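In what follows, a single structure is set out as structure tokens and then discussed.
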Amino acid sequence: MGAVSGIVAAVAGLAFAELAAAAVRPESSPVTAVGGAAVDLTPVAVREWAIQLFGTADKLVLTLGIVAVLVVVAALAGLLSLRHLPAGMAVAGGFGLLGAAAALSRPEATWRDALPSLLGGLTAAGVLYLLVTAAKRPRPAGAPPGRSRAMDRRGFGRLVTGVLAASVAAGFAGRRLGAHGSAGATASRARFVLPRPTVPAPPVPAGADLRVPGLSPFLTPDRDFYRVDTALVVPRVDADTWRLRIHGEGVTRPLTLGLRELLSRPLVEHDITLTCVSNEVGGPYAGNARWLGVRLADLLREAGVRPPSRGGPADQLVSRSVDGMTIGTPVEAVMDGREALLAVGMNGEPLPFAHGFPVRMVVPGLYGYVSACKWLTELRLTTFGAYDAYWVRRSWAQQAPVKTQSRIDTPRPYADLAPGRVAVAGVAWAQHRGIEGVEVRVDGGPWQRARLGAADGVDTWRQWVWPWEATPGRHRLEVRATDGTGAVQTGVRTGTVPDGATGWHSVEVRVKALG
């Protein structure tokens, strides 16, 4: 009864806290706030390990882990309450204080963000008192021992059932209110029709997609595009109320724009491959899409910004998300002529919420953590010496151009193959330099030149394929690429920290003997 009391009290506390968070903002939820704080405090090596192990499910695993710890501690608090009720209640209330502290530590937090956790802590402590008091209620005098225990348990069970029912109702109401709160954002995206580009992208060249079974498609569908960020709850921003502020050093004409004002500028369509710095050699965190947006350089010039090469005082552009994430991008890179965009469209559709609706940054040639701010709300001009963005404060490099990489998509590692001709195929990328060649070798032998798919500019990956006459036995396939400057991809293996992994991707396969 003690353990059950603690767990039910925790459920009630979480349910009523979620109801309160629906009235404040989703990020103030105790689980979300604690999860966000945990992400911030997690050592880089541990976070990278979690990304590699769990992939895009890392946030779900973190949330489930927080809930599991809460259940264990709640059960222990319930057991403690049977011996010393005030101490157990203090543990329950302490979790509310922990959640409130975590909520207040989040970017963009206000005092209101602490309220859901405080309410949850008080609710848990009150429910724990109610249940433990009922569980410890003495037997009626003269009642048969067996019957009185049965009646006590029935009464306790009815009380638990009532608390759980109220908790479910509160949780359901919180979900409904939360959904209603984001309904405006959902409706604004549904109403949003992408304007026609002023500068449309040319059609994808014939032959860019080699259509080899098992090979990544040339354009990555939105649903398959990788997502790596710190948001436990995907922000849902109402496009009708969205605003972007541009200010800072060297800005002579500060700007504040709504979406309609932003879209009054010329719109450019461009194919760009994005890559996450957490992508290990051969990893999945790269995707290619057709983006639609406003040239960032044009917008900065409109605000009076000059790049450092032309005497501008700011060398860093700090972009800020609605959830407080900050990303620092070299001003020179976004104003050197590349198609750096404030994107509103992805593959012919408005940005999905998970990929930054209504507006995000896309800068070819830079890893996402220094260029690809989602749910954009602010651009501030400053210097690298004056300000460290979120990831730089966590041991990552200030500047991170994309490194030349290549990947074998097919055959898959440890595949069993029939002898004879096998299509070895994959993708290679060196954004803003382009790919000039890809080579494959077997078992450390001579490098063999692969056939490249047609190039769609220097900002996208290129597919490649090499026909291999497979012979029985175990074999190791390796790939390397040459970028548009003639530099060959290094074979030296390094990890992702501090500015991206290097090394040749390899897969081991087994070719069966005939008969």
Side-chain angles (χ1 to χ4, degrees), residues 24-28 32-33 36 39-40 103 105-110 112-113 181-182 184-189 192 227-249 251 253-265 267 291-300 302-303 305 314 316-329 331 334 340-346 350-363 366 368-382 387-393:
V24 179
R25 61 173 186 147
E27 291 80 5
S28 66
T32 301
V39 170
D40 287 351
S105 74
R106 309 309 303 140
E108 313 296 318
T110 68
R112 289 166 52 87
D113 291 301
S182 65
T186 303
S188 72
R189 184 180 182 274
F192 182 51
R227 178 195 163 207
V228 177
D229 55 48
T230 63
L232 270 69
V233 175
V234 173
R236 289 182 171 258
V237 181
D238 191 328
D240 298 330
T241 60
W242 174 86
R243 295 291 183 272
L244 172 66
R245 183 186 178 206
I246 302 176
H247 65 110
E249 294 183 42
V251 175
R253 295 179 293 277
L255 298 174
T256 299
L257 306 172
L259 187 59
R260 185 186 300 274
E261 295 163 300
L262 180 67
L263 297 180
S264 68
R265 276 75 177 166
L267 290 173
W291 305 93
L292 175 69
V294 175
R295 284 193 178 108
L296 181 52
D298 291 347
L299 207 57
L300 294 181
E302 185 180 333
V305 176
Q316 179 179 204
L317 177 66
V318 177
S319 50
R320 182 179 291 272
S321 166
V322 296
D323 67 349
M325 170 60 66
T326 55
I327 286 176
T329 309
V331 174
V334 300
L341 301 176
L342 295 188
V344 297
M346 180 179 183
L351 291 171
F353 283 111
H355 292 290
F357 181 82
V359 180
R360 67 168 296 165
M361 275 178 58
V362 178
V363 182
L366 302 178
Y369 86 99
V370 294
S371 68
C373 186
K374 295 186 282 191
W375 314 294
L376 184 65
T377 188
E378 180 187 7
L379 293 172
R380 180 167 66 90
L381 279 296
T382 182
Y387 184 80
D388 286 337
Y390 180 91
W391 292 114
V392 176
R393 296 196 297 269

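Values in this document were obtained by computation on a predicted structure and should not be read as measured data.
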### Query
How long is the gap from CG on L376 to CG on L351, to the nearest 0.5 Å?
11.0 Å

### Task
For A314 and L381, work out which heavy atoms get closest and say how close.
CB-CB, 3.8 Å

### Task
Would you check if M325 and W391 make a side-chain contact, meaning some heavy-atom pair closer than 4.5 Å?
yes

### Task
Rounded to the nearest 0.5 Å, what's the gap from CD on E249 to CZ on R380? Could you check?
8.5 Å

### Task
Can you see which heavy atom on A231 is nearest to which on D323, and at what distance?
CB-OD2, 3.8 Å

### Message
Whether D113 and R106 form a salt bridge (side-chain N of Lys/Arg under 4.0 Å from carboxylate O of Asp/Glu) is what I want to check.
### Response
no

### Query
How many angstroms lie between CG in L341 and CG in L299, if you round to the nearest 0.5 Å?
11.5 Å

### Message
If you define the side chain from C-beta out and look only at heavy atoms, does anything of L257 sit under 4.5 Å from R243?
### Response
no

### Message
Less than 4.5 Å apart, side chain to side chain, heavy atoms only: is that true for L259 and V344?
### Response
yes

### Minimum-distance pair of heavy atoms, taken over all atoms of D388 and R393
O-NH1, 2.6 Å

### Task
Supply the atom-to-atom distance Q316 CD to Y387 OH, rounded to the nearest 0.5 angstrom.
8.0 Å

### Task
Just do the side-chain contact (heavy atoms from CB on, under 4.5 Å) check on M346 and V362 with the steps written out, would you?
CA-CA 11 Å; M346 180 179 183; V362 178; over 6 Å; no

### Task
Keeping the roles fixed (side chain from T326, backbone from Y390), state whether a donor-acceptor pair exists under 3.5 Å.
yes

#### Entry: Test side-chain contact (heavy atoms from CB on, under 4.5 Å) applied to F357 and F192, W375, W242, the passing residue
F192

### Message
I need the minimum non-hydrogen distance between A303 and I246, along with the two atoms involved.
### Response
CB-CG2, 4.2 Å

### Task
Give a yes or no on whether the backbone of V370 and the side-chain of T329 come within a donor-acceptor separation of less than 3.5 Å.
yes

### Message
Using every non-hydrogen atom in the two residues, find where P358 and A239 come nearest and quote the distance to one decimal.
### Response
CB-CB, 4.2 Å

### Query
Side chains of T256 and R245: does their closest heavy-atom pair fall under 4.5 Å?
yes

### Summary
Between the CG atom in L263 and the CD atom in E261, the distance rounded to the nearest 0.5 Å is 10.0 Å

### Task
With the side chain counted from C-beta on, respond yes when L244 and V359 share a heavy-atom pair under 4.5 Å apart, and no when they do not.
no

### Query
Does the side chain of H247 come within less than 4.5 Å of E378's, by heavy atoms?
yes

### Task
Specify the closest pair of heavy atoms between I327 and S371, including all atoms of both residues, with the distance to one decimal.
CG2-N, 3.3 Å

### Query
Can you tell me how far the CZ atom of R360 sits from the CH2 atom of W291, to the nearest 0.5 Å?
4.5 Å

### Side-chain touch V305/L317, heavy atoms, less than 4.5 angstrom
no

### Task
Please tell me if the side chains of L255 and E302 come closer than 4.5 Å, counting only heavy atoms from C-beta onward.
yes

### Task
Consider only side-chain N and O atoms of T186 and R236, and report whether a donor and an acceptor are under 3.5 Å apart.
yes

